[in-house]
Engineer: 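Quick one: this structure, given as structure tokens, is what I'll be asking you about.
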Amino acid sequence: MPPRQRVTVHPGQIQTALLVLSADQVHYLRRVLRLQPGNQFIAQDGEGHQWLAELTSVADQALVIETTAADTPTQPDLTLVAALPKAGFDDVVRQATEIGVIHIQPIISQRTLLQPSENKLKRWQRIAQEASEQSEWLWVPTIQAPLPFETWVRGNTPLVGNTDKASFFCVARGDAPLLLTDIQGVLATRPTLPVSVAIGPEGGWTPGEIAEAQAQGHTLVSLGPAVLRATTAAVVAIAVVAAARNS
């Protein structure tokens with residue numbers, strides 16, 4: 001299919017062969033993109049479904065021409081858990097979406113300086129939607145409200161011997177094994193296993209946080225000998241997982 005403009009819709013907007021557009025979508029398609037009646041675009045729901053649609057002469061209506069993705073799409077579950085940096089999390093959300101993250105969980109750690117407002121969460125959700133459309137990626141990640149580290153680590157305890165999820169906790173210093181090595185070993189036998197990767201803030205996790213994560217069953221891993229910026233580390237970690245899955 002040749003490249004076409006994309007817009008994310010709610011499944012409820014599709015009524016049989018008719019797509020009812022919101023006011024924002026009408027403005028974007030007809031005013032910003034200057035599409036005319038008869039022009040086609042891709043509508044997607046952020047959950048793996050997409051449709052080829054065509055604008056009509058009625059401002060808020062488009063015809064659904066065909067379904068262009070599977071009715072029951074599946075995507076291996078990849079979660080980014082990230083202690084919020086002072087700045088740059090917008091870019092992390094954008095790049096994580098492009099790479100293929102399905103869930104993003106911001107964390108308030110002991111060294112986190114940013115205390116985000118509800119408007120920040122809405123902004124991140126909008127950025128994820130726009131990144132999905134731009135990269136022609138069918139999934140828009142869910143972005144959860146930020147959690148304190150203690151709440152997250154105790155609420156996401158990998159059970160001993162649990163084979164239903166791989167949970168990696170990235171540390172900057174020490175002798176932890178490489179994430180690449182560990183993820184390749186895991187995916188060799190379980191290629192669709194859900195994977196979670198946790199990244200610390202500027203200055204890294206505190207010794208207490210690392211000990212708590214390890215005690216709760218998370219696997220300590222390294223991204224290599226270099227000490228990366230928090231925003232860089234987040235993108236590198238999920239890129240490693242994505243590359244391992246696609247290799």
Side-chain angles (χ1 to χ4, degrees), residues 46-47 75-132 137 139-159 162 164-172 179 182-183 186 193-206 208-210 212-221 223 228-242 245:
E47 298 180 356
Q75 171 67 16
D77 202 322
L78 175 55
T79 299
L80 172 64
V81 179
L84 288 169
K86 283 189 298 183
F89 198 66
D90 288 7
D91 290 334
V92 170
V93 170
R94 183 178 296 105
Q95 293 164 347
T97 301
E98 293 171 0
I99 294 171
V101 162
I102 299 300
H103 307 288
I104 299 176
Q105 176 61 71
I107 294 295
I108 306 295
S109 69
Q110 290 185 32
R111 291 175 174 160
T112 295
L113 298 178
L114 177 67
Q115 298 295 325
S117 65
E118 184 177 342
N119 288 336
K120 277 285 188 181
L121 181 58
K122 292 178 180 177
R123 174 179 172 80
W124 294 332
Q125 292 168 336
R126 185 174 67 253
I127 288 171
Q129 178 179 306
E130 292 171 352
S132 171
W137 186 245
W139 286 267
V140 177
T142 57
I143 305 178
Q144 304 296 335
L147 288 176
F149 173 81
E150 295 78 8
T151 302
W152 170 77
V153 76
R154 294 173 185 173
N156 291 270
T157 303
L159 300 178
N162 179 17
D164 294 325
K165 183 177 182 180
S167 182
F168 297 103
F169 194 86
C170 295
V171 293
L179 171 61
D182 271 25
I183 193 64
V186 168
L193 187 69
V195 174
S196 172
V197 182
I199 299 295
E202 288 97 338
W205 304 108
T206 65
E209 289 169 335
I210 294 173
E212 180 70 9
Q214 192 168 25
Q216 298 294 345
H218 298 269
T219 301
L220 301 189
V221 292
L223 296 177
L228 305 176
R229 291 173 62 90
T231 51
T232 304
V235 177
V236 168
I238 56 178
V240 165
V241 176
R245 276 184 168 157

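Since the structure is predicted, the reported quantities are computational estimates derived from the model, not experimental observations.
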Engineer: Indicate the atoms forming the closest heavy-atom contact of Ala83 with Gly200, along with that distance.
Structural biologist: CB-C, 3.7 Å
Engineer: If you count heavy atoms of other groups shown closer than 6.0 angstrom to CZ of Arg111, is the number above 12?
Structural biologist: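 Yes, enclosed.
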Engineer: Rounded at 0.5 Å granularity, tell me how far NZ in Lys120 sits from CZ in Phe89.
Structural biologist: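 One gets 10.0 Å once the value is rounded to the nearest 0.5 Å.
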Engineer: Quick one, Asp182 with Thr219, criterion side chain to side chain contact (heavy atoms under 4.5 Å, CB included). Give me CA distance, side-chain angles, the key distance, then yes/no.
Structural biologist: CA-CA 9 Å; Asp182 271 25; Thr219 301; 3.6 Å; yes
Engineer: Roughly how far, to the nearest 0.5 Å, is OG1 of Thr112 from CG of Leu84?
Structural biologist: 6.0 Å
Engineer: Can you tell me if Gln214 uses its side chain to pair, donor with acceptor, with the backbone of Glu209 under 3.5 Å?
Structural biologist: no
Engineer: For residues Leu80 and Val92, determine if any side-chain heavy atom of one lies less than 4.5 Å from a side-chain heavy atom of the other.
Structural biologist: yes
Engineer: Begin from the C-alpha positions of Arg94 and Glu130 and carry the test salt bridge (charged side-chain N to carboxylate O under 4.0 Å, His left out) through to its verdict.
Structural biologist: CA-CA 8 Å; Arg94 183 178 296 105; Glu130 292 171 352; 5.7 Å; no
Engineer: Could you pull out the closest heavy-atom pair between Val153 and Ala213, with the gap in Å?
Structural biologist: CG2-CA, 3.8 Å
Engineer: How many angstroms lie between CZ in Phe168 and CG in Leu220, if you round to the nearest 0.5 Å?
Structural biologist: 11.0 Å
Engineer: Could you tell me the separation between the CH2 atom of Trp205 and the CD1 atom of Ile199, rounded to the nearest 0.5 Å?
Structural biologist: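 One gets 8.0 Å once the value is rounded to the nearest 0.5 Å.
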Engineer: Where is the tightest heavy-atom contact between Ile104 and Pro106, given as atom of each residue plus distance?
Structural biologist: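 Distance-wise, the nearest heavy atoms are O-CD, 3.5 Å.
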Engineer: Please work out whether the ring planes of His218 and Phe169 are parallel, tilted or perpendicular, with thresholds of 30° and 60°.
Structural biologist: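 Ring orientation of His218 relative to Phe169: tilted.
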Engineer: At what distance, to the nearest 0.5 angstrom, does CD of Glu150 lie from CD of Gln110?
Structural biologist: 6.0 Å
Engineer: List the atom of Ala145, the atom of Gln105, and the distance in Å for their closest heavy-atom pair.
Structural biologist: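 Between these two residues, the closest heavy atoms are O-NE2, 2.9 Å.
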Engineer: With heavy-atom distances below 4.5 Å as the criterion, would you say the side chains of Pro194 and Thr79 are in contact?
Structural biologist: no
Engineer: Can you confirm whether the side chains of Gln129 and Gln125 place a donor and an acceptor under 3.5 Å from each other?
Structural biologist: no
Engineer: Just how far is it from atom CD1 of Ile143 to atom NE2 of His103, taken to the nearest 0.5 Å?
Structural biologist: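 If I round to the nearest 0.5 Å, the distance is 12.0 Å.
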Engineer: Please examine the side chains of Ser109 and Thr206, heavy atoms only from C-beta on, and report whether any two atoms are closer than 4.5 Å.
Structural biologist: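 No. Closest side-chain heavy atoms not under 4.5 Å.
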Engineer: I'd like a table of donor-acceptor pairs (distance under 3.5 Å, sequence neighbours excluded) in which one partner is a side-chain atom from residues 95-102, with atom names and distances.
Structural biologist:
from  : atom 1 : to    : atom 2 : distance (Å)
Thr97 : OG1    : Val93 : O      : 2.8

Engineer: So which heavy atom on Glu202 is nearest to which on Ala230, and how close?
Structural biologist: N-CB, 3.9 Å
Engineer: Are any non-hydrogen side-chain atoms of Leu228 and Leu223 less than 4.5 angstrom apart?
Structural biologist: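 With C-beta onward as the side chain, the pair touches.
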